[in-house]
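Here the structure comes first, spelled out in structure tokens, and everything after it is commentary.
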There are 2 protein chains.
Amino acid sequence: MDLNRKQMSIIQYKSYDRLLVAVDCIIFGFDGTELKALMIKRGFDPEMGKWSLMGGFVNQMESVDDAASRVLNQLTGLSSIYMEQLHCFGDVKRDPGGRVVSVAYFALIKIDDYNEALMQEHNAKWFPLKKIPAMVFDHKQMMRLAQERLQQKVAQHPIGFALLPDKFTLQQLQGLYEAIYERQMDKRNFTRKILAFNILNKLNEKEKESSKKGAFYYVFDKKKYERMDKEGLKFL
Amino acid sequence: MDLNRKQMSIIQYKSYDRLLVAVDCIIFGFDGTELKALMIKRGFDPEMGKWSLMGGFVNQMESVDDAASRVLNQLTGLSSIYMEQLHCFGDVKRDPGGRVVSVAYFALIKIDDYNEALMQEHNAKWFPLKKIPAMVFDHKQMMRLAQERLQQKVAQHPIGFALLPDKFTLQQLQGLYEAIYERQMDKRNFTRKILAFNILNKLNEKEKESSKKGAFYYVFDKKKYERMDKEGLKFL
DNA sequence: TTAAATAAGTGTATTTTATACCTTTATTTA
DNA sequence: TAAATAAAGGTATAAAATACACTTATTTAA
């Protein structure tokens, strides 16, 4: 029998086990005060009706990353969102419904920026990180790991902006960092440090809802950041 | 028809695609001067005869972590080795032999501490990180990511000791850090800093091969470390 | 036995970075 | 126009990182 190399290798691989591969998304949002994560009420067995991360199975013809983007989109309607792979969870019995290897991702979205209908359809709800309910399988472990990684990541790279509106005040930005790190910071030190990176542009426009004086808006300048990122920076 | 919940969910999952799931191991070693990684000459198609990471498929009844340990053991004969999950690589076409999702791990071993027969059987060879050959699939990308992660990790946790003999001199330790970070360090500053962590015990014994005076051996004291790790430390 | 050679071992001064801390300013509203 | 509100901004101190060079222990060869 005459086989070319590709056929050979398909035959070669044929005897190995094939597994279900899933993705689960930890979706973070910031409401100005608290860091929150988006959960859904699981709509199918096993564990129907319990709180769960949004997830789905990886198809034969899509990459794992694409599957994660698809799942995020199915819940929020959003695309082109900051998303990063967290960890692959591969215990044999992690899902009582069968052998499922799950690759967890975390995403950062602007908390008001989603498709209401899709969210309702999935019974989605934001939970403050301090008040995460019981969750199915190993999803709570995923949550914990995601929170740790967010803390690490945000200290090295300016990804926090993905959680804020396009224009934001320095106090809103500080509030975000305080929420992520779960500790208070000094306003003057924070301002000095963040402005020193020179990756924010000050607008000639004030946010006046929360104060009479009004606080200037800033925007994140991605180009400035990329220029300095090449030289290697630690963020905060 | 009467189905219990478990049967329900197996049926539920049945319609989804199953994929081959592999693990690949980046195995680091340190020869006193250079950081090296262990590669094998791939013994089967596709890409037979090319340099590759040691890998294998995950079986139905083993966790992904266990598969990685098994694969490491198959090549080196070692078990109970420092090993950490790196990243899941999930592109559709990453392996020309079929749809394979691969979870990469990196391991730190003592470079002389392996089973010679197994190594020969797999045509394994150590390559300095600076001189990594062409590799199959996305293995070079895995290598690069592993090197980055090792740098990050070693700065936060005292895992570097896994690459050194049980007893080592301060200069050997410094050499390791210099190799990992690819830059020279000041001997006095390094010594002061590392001893300040108070996780090393000085032995009453000297290494006398590389100097006439001889340098004292030290050992890593894991208990001391664990005590201080709880209080949270940044390592170097 | 002693001098030369070798790498180990050690301390201080300087710079940079992080932290602690409070008054003035702009604006609105009563 | 005074009172209320939150924004804006600087300095002094402490801690950490860096730069830098001589002395010591030991072996080996003269």
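A, B, ... follow the sequence lines: proteins, then strands. Residue 1 opens every chain. Just the heavy atoms: all of them, side chains too, but no hydrogens, waters or symmetry mates, feed the values below.
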Residues which pass side-chain hydrogen bond (donor to acceptor under 3.5 Å, both in side chains) with Ser211(A), listed by chain and number, not counting sequence neighbours: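 Ser211(A) satisfies side-chain hydrogen bond (donor to acceptor under 3.5 Å, both in side chains) with no other residue.
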
Pairing residues for Asp221(A) by the side-chain hydrogen bond (donor to acceptor under 3.5 Å, both in side chains) criterion, not counting sequence neighbours: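 Only Asn201(A) meet the side-chain hydrogen bond (donor to acceptor under 3.5 Å, both in side chains) criterion with Asp221(A).
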
Lys206(B) to Phe216(B), cation-pi by 6.0 Å centre distance and 45° axis angle: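 Because its charged atom sits under 6.0 Å from the ring centre and within 45° of the axis, Lys206(B) does stack over Phe216(B).
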
Sugar-phosphate only, base, or nothing, as touched by Thr191(A) at under 4.0 Å among non-hydrogen atoms: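 Nothing, no heavy atom under 4.0 Å.
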
Collect all protein-nucleotide pairs involving nucleotides 13-20 of chain C in which both atoms are nitrogen or oxygen and the distance is under 3.5 Å.
residue, atom, partner, partner atom, Å
dT19(C), O4, Arg192(A), NH1, 3.2
dA20(C), N7, Asn189(A), ND2, 3.0
dA20(C), N6, Asn189(A), OD1, 3.2
dA20(C), N6, Arg192(A), NH2, 3.3

Aromatic ring pairing His139(A)/Phe137(A), orientation class (parallel under 30°, perpendicular over 60°, tilted between):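 Ring orientation of His139(A) relative to Phe137(A): perpendicular.
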
Parallel, tilted or perpendicular: ring planes of Phe220(B) versus Tyr225(B), cut at 30 and 60 degrees: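 Rings of Phe220(B) and Tyr225(B): tilted, as their planes differ by 30° to 60°.
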
Partner of Phe30(A) under side chain to side chain contact (heavy atoms under 4.5 Å, CB included), chosen from Ile109(A), Ile180(A), Ile111(A), Leu163(A):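 Of the listed options, the one satisfying the test is Leu163(A).
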
Short N-O contact, Glu84(A) and Lys153(A), less than 4.0 angstrom: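 Result for this pair is yes, salt bridge flagged.
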
N-O pairing of Glu205(A) and Lys167(A) below 4.0 Å: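 Answer for the salt bridge query: yes.
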
Side chain to side chain donor-acceptor pair (under 3.5 Å) assessment of Glu148(A) paired with Gln152(A): CA-CA 6 Å; Glu148(A) 267 176 43; Gln152(A) 286 170 17; 4.7 Å; no

Contact pattern, 5' to 3', of nucleotides 22-30 of chain D - B, S or - by protein heavy atom under 4.0 Å: --BBBB---

Strand-adjacent residues in residues 165-173 of chain A, judged by heavy atoms under 4.0 Å from DNA chain D: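 Close to the strand are Gln171(A).
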
Under 3.5 Å: donor-acceptor pair, side chain of Arg42(B), backbone of Met54(B):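 Flag not set: sc Arg42(B) to bb Met54(B) has no pair under 3.5 Å.
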
Side-chain donor/acceptor of Gln174(B) to backbone N/O of Met185(B), under 3.5 Å: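 Side chain of Gln174(B) to backbone of Met185(B): a pair is present.
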
Please report the distance, rounded to the nearest Å, between [atom1] in [X] and [atom2] in [N].
X	N	atom1	atom2	value
Phe190(B)	dG9(C)	CZ	P	13 Å
Phe216(A)	dG9(D)	CZ	C1'	13 Å
Gln184(B)	dT18(D)	CD	C1'	16 Å
Tyr217(B)	dA8(C)	OH	C1'	14 Å

Minimum heavy-atom distance between Arg149(A) and Gln85(A), given as atom pair plus value: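 Smallest heavy-atom distance, with atoms named: NH2-O, 3.2 Å.
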
Least distance between heavy atoms, Lys41(B) atom then Gly49(B) atom: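 Closest heavy-atom pair between Lys41(B) and Gly49(B): CG-O, 3.3 Å.
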
Terminal helix-axis angle for the helix from dT1(C)-dA30(D) to dA30(C)-dT1(D), with five pairs defining each axis and rounding to 10 degrees: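 The two end axes of the helix from dT1(C)-dA30(D) to dA30(C)-dT1(D) meet at 10°.
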
